[in-house]
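In what follows, every chain begins at residue 1, and chains take the letters A, B, ... in the order their sequences are listed.
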Number of protein chains: 2
Amino acid sequence: MTSMTAARTTSPADRPRLGLRERKKIKTREAIRTATYALIKEQGYDATTIEQIADRAEVSPSTVFRYFPAKEDIVLTDESDPVLLEKLRARPVDEPWPDTIRHVMREAVRTGVEQDPEVARLRTRLMVQVPAVRSRMMESMSVTGRMLCTAIAERTGRDPDSLEVRVYAMSLVGGLMETSLYWAENGHRDDFAALVDRTLDILQHGLPRENR
Amino acid sequence: MTSMTAARTTSPADRPRLGLRERKKIKTREAIRTATYALIKEQGYDATTIEQIADRAEVSPSTVFRYFPAKEDIVLTDESDPVLLEKLRARPVDEPWPDTIRHVMREAVRTGVEQDPEVARLRTRLMVQVPAVRSRMMESMSVTGRMLCTAIAERTGRDPDSLEVRVYAMSLVGGLMETSLYWAENGHRDDFAALVDRTLDILQHGLPRENR
DNA sequence: TCCATTTTGAGAGCTACTCTCATTTCGTGG
DNA sequence: CCACGAAATGAGAGTAGCTCTCAAAATGGA
């Protein structure tokens, strides 16, 4: 969905060619996000206004809204879906689907959390504390769900719009969402990857024993 | 969560005793909701302002907010959770859990949809069309999820706060949410109860056959 | 009928978000 | 190197959801 206007210059020599404009845009984006994280850490989410964010990022409020459609989006920004889809596609086609999911999720978690633990924790904490952020996260999760539908459909030759596929995908996504909340609510003490593993077990086999 | 101040008068003769005050409150609540439904049908959700709602319901905007914390809540209003919990508790304790869920969900769907199909359809349609409503619905679904945790914990002697129970509950809730969306997106053509049945099958057994 | 409590209305105020339009900044082709 | 077209930015006004406060009205019990 982001502007696909990559610089298509003929010479391969000038590689980092994004154009001054593009680079500046990326910088602005990051400036806004950095400012937001800092302010939220200082004063909390609600007390942080767009105006403050704009001030600290040294842009106008208009610009903030131009980059992020809503305040919650500043802290969320999920560009991970396409990456995930690619990784799903990269798995061998004969691999059983649950194994594929497990593999890819594990990897996604690792790169996601280990790369910037600070941000991962802040995000999940905000998910727990701020309803608006949680809502937004759920929205973005449902987008991820649609993407999963595509992947599942490709892999298993089903209709991505069928009830079965959609329900399966959303239950997965819902479960993983809850895992994130659980992680944050328990002060990020657990190893997130391990939690995800347990989650996938449950989704695969249901509640273990007892009365089922 | 709603006011549990049922009239506990001694005499059984004066049954509908809720006090004029309580009854008026209920009336106001319904007036606001009715006005909202009507206006949304006429102009759509976004075009309908709180002021218009207040006008048509013949109350002040302040009052609208006093009755409903947010605009989306006017169309949602899920008082069903306690009822659901009760029904879950009413099932025989030795019944396998999946059967219990199926039973109760079926019944909930029946009473919910068949009682007022108009509203059920409007609600689900809005869930599809209006992000704010969808978000709110997801929020309320997660409340339902917590309730489910309680029920599951009671039934199976687990910790309601354990990851396992929570994930299981949320995947259930997520799946059912998706079912509602599916129903609405397909123009409410399917029999909702049948969809729910299929949903529970998937959640119980995973995607049928193929590559799993 | 009068008093205490509850409910309501009016209004001010805050903030997220939208839209428009003038200004600035950048990339390019002459 | 400059000028021109396109894109990004800023400024400002406007809307609507939502909160808070306080005074007025409705209600129920004594």
For residues 48-67 of chain A, which residue pairs qualify under salt bridge (charged side-chain N to carboxylate O under 4.0 Å, His left out), counting only residues two or more places apart or in two chains?
Glu42(A)-Arg56(A)

side-chain hydrogen bond (donor to acceptor under 3.5 Å, both in side chains) involving Thr48(B) - partner list, sequence neighbours excluded:
Gln43(B)

Set of side-chain hydrogen bond (donor to acceptor under 3.5 Å, both in side chains) partners for Asp46(A), sequence neighbours left out
none

The helix from dT1(C)-dA30(D) to dG30(C)-dC1(D): angle between its terminal axes, five pairs each, to 10°?
10°

Mind checking salt bridge (charged side-chain N to carboxylate O under 4.0 Å, His left out) for Asp161(B) and listing every partner two or more places apart, or none if nothing turns up?
Arg146(B)

Glu72(A): what forms a salt bridge (charged side-chain N to carboxylate O under 4.0 Å, His left out) with it, not counting sequence neighbours?
none

What pairs of donor and acceptor atoms, side-chain ones from residues 110-117 of chain B against any protein atom, are under 3.5 angstrom apart with sequence neighbours left out?
unit_1    : atom_1 : unit_2    : atom_2 : d
Thr111(B) : OG1    : Glu107(B) : O      : 3.3
Thr111(B) : OG1    : Ala108(B) : O      : 3.0
Asp116(B) : OD1    : Val119(B) : N      : 3.4

Heavy-atom contacts, protein to nucleotides 6-16 of chain C, under 4.0 Å, summarised as B (base), S (sugar-phosphate only) or - (none) per nt, yield BSBBBB---SS

Can you tell me how far apart [atom1] ([X]) and [atom2] ([Y]) are? Round to the nearest 0.5 Å.
X         : Y         : atom1 : atom2 : value
Ser171(B) : Leu203(B) : OG    : CG    : 6.0 Å
Ile53(B)  : Phe68(B)  : CD1   : CZ    : 9.5 Å
Thr156(A) : Glu164(A) : OG1   : CD    : 11.0 Å

Here the ring pair (Phe, Tyr, Trp, His ring centres under 6.0 Å) pairs for residues 175-194 of chain B, sequence neighbours left out, are Trp183(B)-His188(B), Trp183(B)-Phe192(B)

Residue-level proximity of residues 132-140 of chain B to DNA chain D when a heavy atom falls under 4.0 Å:
none

Is there any side chain to side chain donor-acceptor pair (under 3.5 Å) pair reaching into residues 128-142 of chain A, and which pairs are they, with sequence neighbours excluded?
Asp73(A)-Arg136(A), Asp78(A)-Ser140(A), Arg134(A)-Glu139(B), Glu139(A)-Arg134(B)

Does a donor on one side chain sit under 3.5 Å from an acceptor on the other, for Ser180(B) and Thr124(B)?
no

Under 4.0 Å from any heavy atom of chain A: name the first and the last nucleotide of DNA chain D that qualifies, 5' to 3'.
dA6(D) to dG12(D)

